[in-house]
Undergrad: 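My questions all concern the structure below.
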Protein chains: 2
Amino acid sequence: MDSLRGTGPSGPEAQPPNGNGRSRPRRTTIRDIARRAGVSESAVSFALNNRPGVSEDTRQRILGVAKELSWHPNSAARALSAARAGTVGLVFARPAKTLGIEPFFLQLVSGMQAVLSVRASALLFQVVENMAAEMALYRQWWSEHRVDGVLVVDPRVDDPRPALLVELGLPALLIGGPTSTGTVPSIWADDTGAMASIVDYLVGLGHRRIAHIAGLPELIHTKRRIDSFRAATRKYGLSTHDSVATDYSDEAGARETRQLLAEPGPPTAIIYDNDVMAVAGVGVAGELGLSVPSDLSVVAWDDSVLCRLTHPQLTALVRDTHAFGSHAAQQLLALIEGEAPHDVEDDVPRLEPRGSTAPPPLP
Amino acid sequence: MDSLRGTGPSGPEAQPPNGNGRSRPRRTTIRDIARRAGVSESAVSFALNNRPGVSEDTRQRILGVAKELSWHPNSAARALSAARAGTVGLVFARPAKTLGIEPFFLQLVSGMQAVLSVRASALLFQVVENMAAEMALYRQWWSEHRVDGVLVVDPRVDDPRPALLVELGLPALLIGGPTSTGTVPSIWADDTGAMASIVDYLVGLGHRRIAHIAGLPELIHTKRRIDSFRAATRKYGLSTHDSVATDYSDEAGARETRQLLAEPGPPTAIIYDNDVMAVAGVGVAGELGLSVPSDLSVVAWDDSVLCRLTHPQLTALVRDTHAFGSHAAQQLLALIEGEAPHDVEDDVPRLEPRGSTAPPPLP
DNA sequence: CGTCGGAGCTAAACCGCATTAGTGCGAGCA
DNA sequence: TGCTCGCACTAATGCGGTTTAGCTCCGACG
């Protein structure tokens, strides 16, 4: 009798304590499946991973048993032997105090996961204070084998991260555009085309004095927008100022708007690089006795509830952030699989005209 | 000569291909450290994990070598042998289309990570469409051994999740309050006290007709607020309506505000369960020719940029979401360590009076 | 009719670390 | 002097998979 112990086609057996003090139930392993199906563990592995080495009959039988025992691979074991973590990392470097409204963020993440989840990858996500911490985290994750690759957001003009990623050999995708040191592949939205379409639209309405209140000048995409703004206004021979840079805050948006509107020959239309500043700008216009859109047209880059909470509602640039996230995840997974890196320019965003834009006042 | 091969104090050696097609550099393992320090692998493990079994001298020497070779533990290997994933999970169940402004979210996550990172734990984060997917994800994560525990947000009145978590034996912490089935420990903010303080404040200003536009009625915390609102208004003998439930959207906020203000004997103050609805409510008041705060006082639950973008700025209930996240993470880690589960009520939020509240108009 | 080859499967090694069961040695004690 | 005990350390095992090297059996082919 005793000789049968441990060899029978039993499921999980008694629960040995696991050092933790508490005893957790033993999970089913491929060993359990092997025993019950009467084959070796390797056969089970072959069957479960859809690789040759077992007959179709046996494969089906094994799959049946696996389902019956509701087996799932232990991700740690798999990561250890297959040298694949099944995880990608995403870091947000931002001082805790400035963590504010991020309509962009959840959309992006949710888009990424639509792709990742079907490829059995998870997303390791972390918010840190600054870029130094972000880089330290990349080092740590990679050396601990925690991730197979990372998605890097907010690329900057002189960005130290690509060099690090190359040095580490950590597969990575820059979300937001190639940096000057273009050594890491990137995906980005067509800010240039988007800006051009906004200027086209405003000029079409009759505007000749257009301003652009931009975001952080260190960000690559801000640079693209600024450059494109200059090119577009030159194209039409408009005598506008250069874009003004801000930190994206409502205070900055209000301050710069006030500044612009106080000048002689003030703009009749302002393009804001985010919705928060646009709303702040509308507030300033109100204070100054200007009405939107009859005295001043306002366009917000990026759409969110905010743009629909104001009166009038804001004309905004909407983009499919969800899809953008999906594409990014796809690219990264391809990279991890060993595909040759290449840059990708995503779709051009669409301008959604609402109540905040109209022809300029008659001179 | 040959006999020395592989036994010398060498660092990582030649790079064997790893099945992937690409060959990655071999990482340093405790084996490398052992060789170079001239001790056994176990000695290294003891030294690195600060446990007895090695002399202080040896320990220091080993630590020195480890740093020199810049060794980091392979998380998969550690997870496999220690039966600890070093990861906690967080799921957001929300239809992709309604993913909007979440000022709350990043703060919460960043607070969690302040605690998790010092305990060498990472956060696995996922956004899914609905609660069924969320539950499936818990099953999967747990069976794959991917997480040691999960943080569960948005507890509901008849919440199926606690039962599942108990069934799985997956350590979990409910963020937002104990459910009726109270089988899973929870941490929550003192909504009851917060609501009482708001009503106190408004009554102190002289208001007698106060309304409450609440959020999703299925959520536990909404229920607490609604109950507390009723209790508080009873206490003062106010003849107010019951709270009205919404889906948190700006449309719902606007609709319910319009409804309330159209009635005979309309409220002179409205408490909104989030800032988006509060802003929408201010908009409606403006349309109806009512001015805030002289005709109508408005209080928003939860503070964000939004509350400072309106004119006047909104009186709001601010809470330290970052700290809340930290406390939650702390509780969960304690649970995972095997500590006895218990509920925790967090600090009471603070009311920040701004321009949107004032004494009611004279009758 | 011998043998070659492939299909189907098993045994064993390995991934990197933690942990348990020894082993050798010097100090303490009777 | 002999014996025990504790310390510092090593050897071996296990975690749950994947993968490589064999091994066996059978049919096809020369």
Side-chain angles (χ1 to χ4, degrees), chain A residues 6 12 15-20 24 26-35 37-62 66 69 71-86 120 143-146, chain B residues 6-7 12 15-21 23-35 37-62 66 69 71-86 120 143-146:
Chain A
Q15 309 172 359
N18 68 346
N20 195 346
R24 290 181 178 171
R26 214 172 68 64
R27 325 269 170 118
T28 71
T29 70
I30 56 168
R31 183 171 193 155
D32 300 317
I33 301 178
R35 280 216 272 263
V39 295
S40 71
E41 296 176 32
S42 351
V44 175
S45 179
F46 292 147
L48 293 171
N49 291 294
N50 251 324
R51 44 186 81 245
V54 287
S55 68
E56 196 48 37
D57 273 10
T58 313
R59 183 189 305 281
Q60 289 308 328
R61 187 156 46 89
I62 291 175
L69 298 182
W71 173 89
H72 289 257
N74 177 317
S75 63
R78 185 164 269 185
L80 185 56
S81 64
R84 180 176 177 281
S143 63
E144 289 180 350
H145 235 94
R146 250 186 204 282
Chain B
T7 60
Q15 307 173 3
N18 69 345
N20 195 346
S23 66
R24 289 183 180 171
R26 214 172 65 65
R27 322 268 170 119
T28 71
T29 71
I30 55 169
R31 183 172 194 155
D32 300 316
I33 301 178
R35 280 216 271 261
V39 295
S40 71
E41 295 177 33
S42 352
V44 175
S45 180
F46 292 147
L48 294 171
N49 292 293
N50 251 323
R51 43 186 83 246
V54 287
S55 67
E56 195 49 36
D57 273 9
T58 314
R59 183 188 304 281
Q60 289 308 329
R61 186 156 47 89
I62 291 174
L69 298 183
W71 173 88
H72 289 258
N74 177 316
S75 63
R78 185 162 268 186
L80 186 56
S81 66
R84 180 177 177 281
S143 63
E144 290 181 349
H145 238 97
R146 248 186 207 282

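Naming convention: chains lettered A, B, ... in sequence-line order (proteins, then strands); numbering from 1 in each chain. The figures that follow rest on heavy atoms only: side chains count, while hydrogens, waters and symmetry mates do not.
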Undergrad: Under a 3.5 Å threshold, yes or no: a donor from one side chain and an acceptor from the other, between Ser45(B) and Ser42(B)?
TA: no
Undergrad: What nucleic acid atoms does Val44(B) come within less than 4.0 Å of, heavy atoms only: base, sugar-phosphate, or nothing?
TA: nothing
Undergrad: Rounded to whole angstroms, how far apart are CD1 on Ile30(A) and P on dG14(D)?
TA: 16 Å
Undergrad: Over how many whole Å does the gap from Arg84(A) atom CZ to dT18(D) atom P extend?
TA: 12 Å
Undergrad: Find the distance between CD (Glu144(A)) and CH2 (Trp71(B)) and round it off to the nearest 0.5 Å.
TA: 9.0 Å
Undergrad: About how many Å separate OG1 of Thr28(B) and CZ of Arg35(B), when rounded to the nearest 0.5 Å?
TA: 11.5 Å
Undergrad: Would you compute the distance between atom CD1 of Ile62(A) and atom CZ of Phe46(A) and round it to the nearest 0.5 angstrom?
TA: 10.5 Å
Undergrad: Can you tell me the distance, in whole Å, between the CD atom of Glu144(B) and the C1' atom of dG17(D)?
TA: 13 Å
Undergrad: I need the CG-C1' distance between Asn49(A) and dG16(D), as an integer number of Å.
TA: 12 Å
Undergrad: In this structure, how many angstroms lie between the P atom of dC7(D) and the CZ atom of Arg51(B), rounded?
TA: 17 Å
Undergrad: Whole Å only: how far is the CD atom of Glu41(B) from the C1' atom of dT20(C)?
TA: 15 Å
Undergrad: Are any of Thr29(A)'s side-chain N or O atoms less than 4.0 Å away from OP1 or OP2 of dG16(D)?
TA: no
Undergrad: With DNA chain D as reference, determine whether Gly38(B) or Leu80(B) sits nearer its 5' end, using the nearest nucleotide of each.
TA: Gly38(B)
Undergrad: Would you say Trp71(A) reaches dG16(D)'s phosphate, i.e. side-chain N/O to OP1/OP2 under 4.0 Å?
TA: no
Undergrad: In whole angstrom, what separates Ile33(B)'s CD1 from dA18(C)'s P?
TA: 10 Å
Undergrad: How long is the straight-line distance from OG of Ser75(B) back to NE2 of His145(A), given to the nearest 0.5 Å?
TA: 8.0 Å
Undergrad: Should the side chain of Ser42(B) and the base of dA18(C) be counted as holding a donor-acceptor pair, with the cut-off at 3.5 Å?
TA: no
Undergrad: Report the distance from atom CD1 of Ile30(A) to atom CG of Leu48(A), rounding to the nearest 0.5 Å.
TA: 7.5 Å
Undergrad: Determine: side-chain N/O of Arg78(B) to OP1/OP2 of dA18(C), distance under 4.0 Å, yes or no.
TA: yes
Undergrad: Just N and O in the side chain of Ser81(B): are any of them under 4.0 Å from OP1 or OP2 of dC17(C)?
TA: no
Undergrad: Given that Ser45(B) and Ala77(A) both sit by DNA chain C, which one's nearest nucleotide is further toward the 5' end?
TA: Ala77(A)
Undergrad: Nearest whole Å is fine: how far is dG16(D) C1' from His145(B) NE2?
TA: 10 Å
Undergrad: Do the side-chain N and O atoms of Asn49(B) and Arg78(B) include a donor-acceptor pair separated by under 3.5 angstrom?
TA: yes
Undergrad: Using a heavy-atom cut-off of under 4.0 Å over every strand shown, decide if Pro73(B) touches base, sugar-phosphate, or nothing.
TA: sugar-phosphate
Undergrad: Using a strict heavy-atom distance below 4.0 Å, which residues from residues 53-60 of chain B are in contact with DNA chain C?
TA: none
